[in-house]
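First comes the structure, then the notes that go with it.
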Amino acid sequence: MIYAEKVALIQRYLDAYQAFSLDQMLACLHEQVHFQYIANGSVQVSTEGKDAFRKLAEGSAGMFSARQQTVLQVRDENGIIHVDIAFRGTLAQATPDGMPAGTEIQILGRSEFRFQDGCILSVSEIIG
């Protein structure tokens, strides 16, 4: 895949994420997709394969009544696409640590995407 194709695929994935369209998200992913959520240098969540990703995404979608990822910068480093992202979401329900439903969360982070066979093979979401 060339750079422009990778960026277009990432944008389709992000658009589907924001629209809560799990099937469209999954259509962008390789069957053996690897997902990681890393906070402050520590892996908090990790999945292998589309089925595990689907379960994680189904569970996390209910956390937010609205969510948006705004791309701030995109760069290619040896075939890995790094995307700096500003995330904004509104909690759909109270969290165990006491944040009430309706709370707006804003986070700056980075996602790293790897590709294989015209699909996203891995996604690493990194904050902190």
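Just so it is clear, the structure is predicted and the values come from calculations on it, not from any experiment.
- Checked by atom type and distance alone, the side chain of Ser42 never pairs as donor or acceptor with a backbone atom of Ala39 at under 3.5 Å.
- Listed for the His82 side chain is no donor-acceptor partner under 3.5 Å among the backbone atoms of Val74.
- No path of Ile, Leu, Val, Met, Phe, Trp and Tyr side chains, each step under 4.5 Å between heavy atoms, connects Leu121 with Tyr17, placing them in separate hydrophobic clusters.
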Inset, instruction - For the pair Leu108 and Leu72, evaluate side chain to side chain contact (heavy atoms under 4.5 Å, CB included) and give the outcome as yes or no after the intermediate values. - result: CA-CA 10 Å; Leu108 294 176; Leu72 303 174; 4.0 Å; yes
Inset, instruction - Apply side chain to side chain contact (heavy atoms under 4.5 Å, CB included) to the pair Asp117 and Glu31, showing each step before the final yes or no. - result: CA-CA 10 Å; Asp117 302 328; Glu31 284 297 322; over 6 Å; no
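- Arg75 pairs in a side-chain contact (heavy atoms from CB on, under 4.5 Å) with only one of the listed residues (Ile80, Asp84, Val83), which is Asp84.
- Using bins of under 30°, 30° to 60° and over 60° for the plane-to-plane angle, the ring pair Phe53/Phe35 lands in the perpendicular bin.
- No continuous path of ILVMFWY side-chain contacts below 4.5 Å connects Ile38 to Ile127, so the two sit in separate hydrophobic clusters.
- Under a hydrophobic-cluster definition in which Ile, Leu, Val, Met, Phe, Trp and Tyr are linked whenever side-chain heavy atoms come within less than 4.5 Å, directly or via other members, Ile126 and Val123 are assigned to different clusters.
- Every residue meeting the side-chain contact (heavy atoms from CB on, under 4.5 Å) condition with Ile105, not counting sequence neighbours, appears here in chain and number order: Phe64, Leu91, Met99, Ile107.
- With values rounded to the nearest 0.5 angstrom, Met25 atom CE is found 9.0 Å from Ile120 atom CD1.
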Inset, instruction - I would like to know whether Ser46 and His34 meet side chain to side chain contact (heavy atoms under 4.5 Å, CB included); could you show each step before the answer? - result: CA-CA 7 Å; Ser46 181; His34 175 72; 3.3 Å; yes
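- In this view, Glu5 and Met1, Ile2 satisfy the side-chain contact (heavy atoms from CB on, under 4.5 Å) rule, not counting sequence neighbours.
- Pairs of residues two or more places apart, or lying in two chains, that qualify as salt bridge (charged side-chain N to carboxylate O under 4.0 Å, His left out) and include a residue from residues 58-73 are Arg54-Glu58.
- Between the side chain of Glu104 and the backbone N or O of Arg88 there is no donor-acceptor pair closer than 3.5 Å.
- Residues Phe113 and Val43 are members of separate hydrophobic clusters, defined by side-chain heavy-atom contacts under 4.5 angstrom among Ile, Leu, Val, Met, Phe, Trp and Tyr.
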